[in-house]
Amino acid sequence: MKLVVLGAAGRMGRTLVKVISETEGASLHAALERDGSPALGSDAGLLAGIGEIGVTVTGDIDTALEGAAGIVDFTAPAVSVHIAKRAAERRLVHVIGTTGFEAEADAEIAAAAENGATIVKSGNMSLGVNLLAVLVEQAARALGPDAFDIEVLEMHHRHKVDAPSGTAFLLGEAAAKGRGIALADHSVRVRDGITGAREAGTIGFATLRGGSVVGEHSVILAGEGERIELSHAAGDRTIFARGAIKAALWAWEKPAGLYSMRDVLGLSG
Ligand SMILES: NC(=O)C1=CN([C@@H]2O[C@H](COP(=O)(O)OP(=O)(O)OC[C@H]3O[C@@H](n4cnc5c(N)ncnc54)[C@H](OP(=O)(O)O)[C@@H]3O)[C@@H](O)[C@H]2O)C=CC1
Ligand SMILES: O=C(O)C1=N[C@H](C(=O)O)C[C@H](O)C1
């Protein structure tokens, strides 16, 4: 499967280039960066630390997409929305790992999937986090809001630009699904000052940033006299890249539509 890596000079882009080179059935068709990026003209393999591979980082999206089967995209919300439309025009697979989407942007991605793109989108592409989400859903279903409060805690590296993380929302959505409520109506994303006592049934978020932390998430279910913590720690970005390439290969044979990593991993139930 010929894949285009968008944001090829980024932290995830470099990891994707390396993982593609190690994955049977996948090949790097093109490596894209934004206009004006200092990485333009560099060999994508050299950037990824795997030696020269003969694929030069380009800003020319039309040429890059010519002959490609799929795009793997870990960039920024506005970029991903634009590329989803291009994927729809060309009937391509579009794997979106980007996080930080507002509801309007999510709706545009869904529209692109209705118009011909085969999109797999997830705030976290790792097997471990998607399994964790299943466990969180079960725990939230079993432990009702009168007895247990749910808090989602996350920590990431100092460069991360969105908060709470895409994974935190994914886990919050899983908890809300378990409780049969809409996350948007029950989430508390920030606390500051005299907040008053905690409102029963809400799902709280707490965000930490610092250093080089790849990604750590905990869902805490706190009751009177007992507390359950369900956690995941990412040691390396390879887990996200492997999941994204697996998603691309899985989506290749699928009809256009919007899919999640739970679909890819067979965890949808
Ligand atoms: N779903 C998941 O499993 C994971 C999701 N992520 C998410 O992926 C995203 C990227 O993370 P990360 O790799 O750490 O970030 P980086 O900033 O390291 O990488 C993003 C790259 O995209 C480039 N870029 C920006 N605009 C364009 C454009 N128009 N065309 C092509 N490339 C462009 C950036 O270039 P420049 O810097 O020059 O602007 C940069 O090289 C974030 O939203 C993050 O949350 C990260 C890890 C796992
Ligand atoms: O920006 C990151 O680095 C990560 N982003 C994703 C998120 O927002 O949850 C996934 C992972 O935790 C790393």
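When a ligand or atom number is given, it counts from 1 through the structure's own listing order. As the structure is a computational prediction, the values presented were derived from the model and not from experiment.
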Item to check | Minimum-distance protein heavy atom relative to atom 39 (O) of ligand 1 | outcome: R34 NE, 3.0 Å
Checklist entry - Is a side-chain N or O of R179 found less than 3.5 angstrom from the main chain of L183, in a donor-acceptor match? => result no
Checklist entry - Judged by atom type as modelled, is there a donor-acceptor pair below 3.5 Å linking the side chain of T98 to the main-chain atoms of T75? => result yes
Next on the checklist: So that I know where these two stand, are F240 and F74 an aromatic pair - ring centroids less than 6.0 Å apart?
Outcome noted: no
Item to check | Ligand-side contact atoms (ligand 1) for residue partner N124, heavy atom cut-off under 4.0 Å | outcome: 1 (N), 2 (C), 3 (O)
Item to check | atom 21 (C) of ligand 1 [closest protein heavy-atom partner, distance rounded to 0.1 Å] | outcome: G7 CA, 3.8 Å
Item to check | Residues R141, E137: salt bridge by 4.0 Å N-O rule | outcome: yes
Next on the checklist: Starting from atom 13 (O) of ligand 1, what is the nearest protein heavy atom, named by residue and atom, and what distance separates them?
Outcome noted: M12 N, 2.9 Å
Checklist entry - Looking only at N/O atoms, are K160 and ligand 1 under 3.5 Å apart anywhere? => result yes
Item to check | Passing candidate, side-chain contact (heavy atoms from CB on, under 4.5 Å) with L221, options L230, D149, V136 | outcome: L230
Next on the checklist: Given 3.5 Å as the limit, does a donor-acceptor pair link the side chain of N130 with the main chain of N124, or not?
Outcome noted: yes
Next on the checklist: Tell me the protein heavy atom at minimum distance from atom 44 (C) of ligand 1, and give that distance in Å.
Outcome noted: T99 OG1, 3.7 Å
Checklist entry - Given H157, H156, H159, which one has a non-hydrogen atom that is nearest to atom 3 (O) of ligand 2? => result H157
Next on the checklist: Going by the closest heavy atom to atom 6 (C) of ligand 2, which one wins out of G215, G100, G123, S165?
Outcome noted: G123
Checklist entry - Looking at W250, is K246 sitting on its ring face, NZ or CZ under 6.0 Å from the six-membered ring centre and within 45 degrees of the normal? => result no
Item to check | Distance-only N or O hit between ligand 2 and K160, under 3.5 Å | outcome: yes
Next on the checklist: What I'd like to find out is whether the side chain of D106 reaches to under 4.5 Å of the side chain of K121, using heavy atoms alone.
Outcome noted: yes
Checklist entry - Do ligand 1 and G10 have nitrogen or oxygen atoms that lie under 3.5 Å from each other? => result yes
Checklist entry - For ligand 1, does A244 get within less than 4.0 Å through its side chain, its backbone, both, or neither, judged by non-hydrogen atoms? => result neither
Checklist entry - Is there a nitrogen or oxygen of R11 sitting under 3.5 Å from a nitrogen or oxygen of ligand 1? => result yes
Next on the checklist: Does any N or O of ligand 2 fall below 3.5 Å from an N or O anywhere on A168, backbone included?
Outcome noted: no
Next on the checklist: Could you tell me, atom by atom, which parts of ligand 1 come under 4.0 Å of a heavy atom of S122?
Outcome noted: 1 (N)
Next on the checklist: I'd like to know if the side chain of R14 and the backbone of A9 have a donor-acceptor N/O pair within less than 3.5 Å.
Outcome noted: yes
Checklist entry - So, R227 and E151, do they make that salt bridge, N to O below 4.0 Å? => result no
Item to check | Heavy atom of F169, distance to ligand 2 below 4.0 Å | outcome: no
Checklist outcome for this item: Nearest non-hydrogen protein atom to atom 23 (C) of ligand 1, with distance, is E33 OE1, 3.4 Å
Next on the checklist: I'd like to know if the side chain of D263 and the backbone of S260 have a donor-acceptor N/O pair within less than 3.5 Å.
Outcome noted: yes
Item to check | Nearest protein heavy atom with distance in Å, relative to atom 7 (C) of ligand 2 | outcome: G166 N, 3.4 Å
Item to check | For H217, atoms of ligand 2 separated by under 4.0 Å from a heavy atom | outcome: 12 (O)
Checklist entry - Which protein non-hydrogen atom lies closest to atom 20 (C) of ligand 1, naming both residue and atom, and how far is it? => result F74 O, 3.7 Å
Checklist entry - Is the shortest side-chain N to carboxylate O distance from K160 to E154 below 4.0 Å? => result no
Checklist outcome for this item: min-distance protein heavy atom vs atom 9 (C) of ligand 1 -> T75 O, 3.5 Å
Checklist entry - What part of V214 sits under 4.0 Å from ligand 2 if we count only heavy atoms: the side chain, the backbone, both or neither? => result backbone
Next on the checklist: Quiz question for you: does at least one protein heavy atom lie closer than 4.0 Å to atom 32 (N) of ligand 1?
Outcome noted: yes
Item to check | Heavy-atom donor-acceptor pair, S218 side chain to I220 backbone, under 3.5 Å | outcome: no
Checklist entry - What's the shortest distance from atom 3 (O) of ligand 1 to any protein heavy atom, and which residue and atom give it? => result M125 N, 2.9 Å
Next on the checklist: Applying a heavy-atom cut-off of 4.0 Å, say which part of E154 lies close to ligand 2: side chain, backbone, both or neither.
Outcome noted: neither
Next on the checklist: Test of understanding: given a 4.0 Å heavy-atom threshold, classify the contact between T167 and ligand 2 as side chain, backbone, both, or neither.
Outcome noted: both
Next on the checklist: When you measure from the side chain of T195 to the backbone of D192, do you find a donor-acceptor pair of N or O atoms at a distance under 3.5 Å?
Outcome noted: no
Checklist entry - Does the pair K18/E22 count as a salt bridge with the N-to-O cut at 4.0 Å? => result yes
Checklist entry - Hey, which atoms in ligand 1 end up nearer than 4.0 Å to a heavy atom of G97? => result 1 (N), 2 (C), 4 (C), 5 (C), 6 (N), 7 (C), 8 (O)
Checklist entry - Parallel, tilted or perpendicular: which fits the ring planes of H156 and H217, with parallel below 30° and perpendicular above 60°? => result perpendicular
Checklist entry - Mind checking whether G123 has an N or O less than 3.5 Å away from an N or O of ligand 1? => result yes
